[in-house]
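In what follows, a structure is listed as structure tokens, so that the remarks can point back to it.
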Amino acid sequence: MRVFQNVSDIGNLQQALKEAFELKDDRYRYSDLGKNKTCLLIFFNNSLRTRLSTQKAAMNLGMNVIVLDVNQGAWKLETERGVVMDGDKSEHLLEAIPVMGCYCDIIGVRSFATFQNRQDDYEEKILNQFIKYSGKPVFFMESATVHPLQSFADLITIEEYKRNERPKVVLSWAPHPKALPQAVPNSFAQWMNAADVDFVITHPEGYELDPQFVGDARVEYDQMKAFEGADFIYAKNWSCPGVTRPEDYGKVICKDMSWMVDDRHMAVTNDAYFMHCLPVRRNMIVSDSVIESPNSIVIPEAANREISAQVVLKRMLTDL
Ligand code: AN0
Ligand code: CP
């Protein structure tokens, strides 16, 4: 594997899940595979889980790991070509990327949507430059539009907890004070569409996700109706994707607190498990009672981030 961005990059999902459970059973089985190989993790944005779980996964495989927080200690980077660099940016991405590639064998990059220009975000302008100029395999650690390591971990978690062959999985928008990216719901939709689940998306009008990610999923604007009989509730806030209203791209257009997942919502489900990628704002996205209930699986979900990262790194190492 040279790029990990979309669900298609992982190939057969049953095979990927099998590999994930094998690694979870014995995570040091391939501890020689990464000997003398270096994994470089580049963060343009904050992280707790991705930073720790990916580092751990690389170490399980015997790799060396270097982590760089670009905005803390590195030079401020220019990303646009053709700019006269007389401002506060000391280095251009076009030099920085191939230099980073010199010091590693595999690169992971986190670079969120900036919401300045929908086209730049949705064309994955930054990550595509890493793919093009680093000369190394690149895995996405949440880009402008996708967060595949999260969705793979979510799929592993659903497979572990499902109580019937084809569970009903509901992705629900929930309120949040700040504008958040669409990467998590985009990827989650993409992966759920590829998996064998009954998938429903619910959100207020105006929050329609990009059609390339929605695919054939059912969209239900009545949240309570969507929750009926659900086996898994996957809550997440996202800002306006700008599909139906381009001028609102990246904006908060609804603050309706009735969308917060609480006991009233969970009561109409099939005793559903509650999931969220974290970090989560309590009593905005989800009530204390729901996230603290026995049905909340947010911690095992986060734990599976180590496993999804390890499958991806193992495959990249194998193909070096
Ligand atoms: C980010 C987001 O919503 O995409 C990261 C989630 C994994 N969340 C925040 O910025 C709070
Ligand atoms: N879920 C997730 O990616 O968390 P971090 O932003 O803390 O890495």
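All ligand and atom numbering here is 1-based and tracks the order in the structure.
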> What atoms of ligand 2 come closer than 4.0 angstrom to any heavy atom of Leu278?
Replying inline: 1 (N), 2 (C), 4 (O)
>> Need the ligand 1 atom indices (1-based, order shown) with element for anything under 4.0 Å from a heavy-atom of Glu142.
In response: 2 (C), 4 (O), 5 (C), 6 (C), 7 (C)
>> I'd like to check which ligand 1 atoms, numbered from 1 as shown, lie under 4.0 Å from a non-hydrogen atom of Leu180.
In response: 3 (O), 9 (C), 10 (O), 11 (C)
>> For the aromatic rings, using the six-membered ring if either is Trp, is the centroid distance between Tyr249 and Phe115 under 6.0 Å?
In response: yes
> If you measure every N/O of Arg110 against every N/O of ligand 2, is any gap under 3.5 Å?
Replying inline: yes
> Which atoms of ligand 2 are found less than 4.0 Å from any heavy atom of Leu48?
Replying inline: 5 (P), 7 (O), 8 (O)
> So does Phe21 have more than 12 non-hydrogen atoms from other groups sitting under 6.0 Å from CZ?
Replying inline: yes
> With a 4.0 Å heavy-atom cut-off (strictly under), which part of Lys236 contacts ligand 1: side chain, backbone, both or neither?
Replying inline: side chain
>> Quick check: closest heavy atoms across Ala230 and Val170, and the distance to 0.1 Å?
In response: CB-CG2, 3.7 Å
> N/O to N/O below 3.5 Å, does that happen between Pro279 and ligand 2?
Replying inline: no
>> Which residue and atom name correspond to the protein heavy atom nearest atom 4 (O) of ligand 2, and how close is it?
In response: Arg49 NE, 2.8 Å
> Does the Asn295 side chain pair with the main chain of Asp271, one donor and one acceptor, at a distance under 3.5 Å?
Replying inline: yes
> Is Leu278 touching ligand 1 with its side chain, its backbone, both, or neither, if touching means heavy atoms under 4.0 Å apart?
Replying inline: backbone
> So is Arg305 close enough to ligand 2, meaning a heavy atom under 4.0 angstrom away?
Replying inline: yes
> Do side-chain atoms of Glu301 reach the backbone of His276 as a donor and acceptor pair under 3.5 angstrom?
Replying inline: yes
> Per the side chain to side chain donor-acceptor pair (under 3.5 Å) rule, which among Lys24, Gln14, Gln310, Lys314 passes with Glu19?
Replying inline: Lys314
> Should the ring pair Tyr207 and Trp173 be called parallel, tilted or perpendicular, given that the plane angle runs from 0 to 90° and is split at 30 and 60?
Replying inline: tilted
> Is the shortest distance from a Lys or Arg side-chain nitrogen in Asp9 or Arg315 to a carboxylate oxygen in the other one below 4.0 Å?
Replying inline: no
> Hey, does Gln150 sit under 4.0 Å from ligand 2 if you only count heavy atoms?
Replying inline: yes
> Taking only heavy atoms of Pro181, which atoms of ligand 1 are found under 4.0 Å from at least one of them?
Replying inline: 2 (C), 3 (O), 4 (O)
> Would Arg282 and Glu292 count as a salt bridge (charged side-chain N to carboxylate O under 4.0 Å, His left out) if you check the C-alpha gap in whole Å, the side-chain angles of each, and the deciding distance to 0.1 Å?
Replying inline: CA-CA 10 Å; Arg282 283 176 173 225; Glu292 289 172 2; 2.6 Å; yes
> Hey, which atoms in ligand 2 end up nearer than 4.0 Å to a heavy atom of His147?
Replying inline: 2 (C), 3 (O)
